[in-house]
Amino acid sequence: TRVKEFANDFSGLVYDLHYHMEYPEEDPMFNHNEFLVETRSYLSGLTGVPYAVLNGGAMPYHQFHLHQDPEAIDKNALIQASLENPLFDLALSVDYQETGLQGNINVVCMDPSFASHLDLFIAVIEKEVVYQGSRSDSLYRNVVLDMIPSVFGVYLGKNWNLGSSESHSFQWDYPDYVEDVEDLSVIAFVQERDQRSILQAAAVPHTQKVAIRESKALHKSLQCYPNPATGTLHVKLEREAREDEYIQVMDISGKEIIHVPAEGRNGLVSLDVSELPEGIYLLYWKDSGTILGHAKFIRANPVGRSPHP
């Protein structure tokens, strides 16, 4: 589906979680994390299942029915939603031990004033799960094994101000149905109650053993100017780029358009975008595939000049 392709193409900006709902037939993974489908749907602002939901949210533009025609899904809308400026920052630490895990999450408000009620959710997922269904053995990915402490999450209150924060500690014992402990990952996210929108998320996989992972806000939003750009686009990095770092530009279909070393003086990189067609582009500052920063810019034609043929 288009949503699955989006999650794969932009894995650096998206966390992909799968809730099993025992639909349309019996599902062992649902039995391990049993919860009424109707209640789970309500908590996600849905009218039913199966659905894919981007950034949570009760609004129709956040929701995509799994039986929907993939061509009817606007991939540009998915990209736009994934690059919204975050209102909160998360610092997640997880210690994967022999018989269980324990961790801590720190939530920090990045907005001058946030009045809505806020909930914290912590999910434990397994990247690959195989079980025997009614027809054949099936492989499932990113399966939600449990929600800590429960599917209702942790209420963090309302009326937040810039810099205000809350911390929460948690633990989880490995159940016997975990197939591979090293395949586990913990994902934390905060969600506001009014529109059910997910405002920020962070994850720590088992491969890091003991780790502290900042939220997706760690991928800093870079300053680009002029924007819209007609000829030269200047990109301001947070520091001087290192030797192996590079700038990648992609169009809204996910096709790479520009791939150049992040060379410049005082962290300022200049790109020639004069030959690009008009439109919206995604820019990434990367190091060996790891996203260090991102930006969105518009390529426009100068006044009086006709578009590219």
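If you read the sequence from its start, that first residue is 1, and numbering goes on from there. Computed over heavy atoms, backbone and side chain alike; hydrogens, waters and symmetry mates excluded.
Surrounding CZ of Arg239 are more than 12 heavy atoms belonging to other residues, nucleotides or ligands, all under 6.0 Å away. Atom CD of Glu240 has more than 12 neighbouring heavy atoms from other residues, nucleotides or ligands inside a 6.0 Å radius.
Atoms CZ and CG, from Phe170 and Leu92 in turn, are 5.0 Å apart once rounded to the nearest 0.5 Å. Leu199 contributes atom CG, which lies 10.5 Å from atom CG of Asp119 (distance to the nearest 0.5 angstrom). A distance of 13.0 Å separates CG of Leu268 from CD of Glu263, quoted to the nearest 0.5 Å. Here the CZ atom belonging to Phe152 is positioned 9.5 Å from the CZ atom belonging to Phe121, to the nearest 0.5 angstrom. Put simply, CG on Leu145 and CD on Glu179 are 9.0 Å apart, with the number rounded to the nearest 0.5 Å. Between atom CD of residue Gln200 and atom CG of residue Leu87 there is a gap of 9.0 Å, rounded to the nearest 0.5 Å.
Proximity of Lys127 to Asn142: side-chain heavy atoms (C-beta onward) are separated by under 4.5 Å at one or more points. At a threshold of 4.5 Å between non-hydrogen side-chain atoms, the residues Leu118 and Trp160 count as touching. Within the 4.5 Å cutoff, the side chain of Pro149 has heavy atoms near those of the Val154 side chain.
In the hydrophobic clustering of this structure, Val260 groups with Val235; members are Ile, Leu, Val, Met, Phe, Trp, Tyr whose side-chain heavy atoms approach within less than 4.5 Å, directly or through other members. Note on Tyr177 and Tyr174: same hydrophobic cluster, where clusters join Ile, Leu, Val, Met, Phe, Trp and Tyr whose side-chain heavy atoms are under 4.5 Å apart, directly or indirectly.
Looking at every heavy atom in both residues, Ala229 comes nearest to Val273 through CB-CG2, 4.0 Å. The nearest pair of heavy atoms linking Thr230 to Asn301 is CG2-C, 4.0 Å. Scanning both residues, Glu166 and Asn106, for their nearest heavy atoms gives O-OD1, 3.3 Å. Considering every non-hydrogen atom in both Leu237 and Ala262, the closest pair reads CD1-CB, 4.3 Å. Nearest heavy atoms, Val107 versus Phe88: CG1-CD2, 3.8 Å. Taking both residues in full, the closest heavy atoms of Gly231 and Asp272 are given as O-OD1, 3.4 Å, listed atom of the first, atom of the second, then distance.
A donor-acceptor contact shorter than 3.5 Å is absent between the side chain of Asn227 and the backbone of Leu233. Checked by atom type and distance alone, the side chain of Tyr281 never pairs as donor or acceptor with a backbone atom of Met250 at under 3.5 Å.
Note: Tyr284 and His294 have tilted aromatic rings, judged against thresholds of 30 and 60 degrees for the angle between ring planes.
Residues His117 and Tyr155 bring a donor and an acceptor atom of their side chains to less than 3.5 Å of each other.
Screening Ile148, Asn104, Leu156, Ile122 for a side-chain contact (heavy atoms from CB on, under 4.5 Å) involving His168 leaves a single residue, Ile122.
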Using the side-chain contact (heavy atoms from CB on, under 4.5 Å) rule, take Leu184 and Tyr96 through it: C-alpha gap first, then chi angles, then the decisive distance, then the call. CA-CA 9 Å; Leu184 296 179; Tyr96 290 91; 4.2 Å; yes
Yes or no on side-chain contact (heavy atoms from CB on, under 4.5 Å) for Leu292 and Glu245, after CA distance, side-chain angles and deciding distance? CA-CA 9 Å; Leu292 304 176; Glu245 295 172 359; 3.6 Å; yes
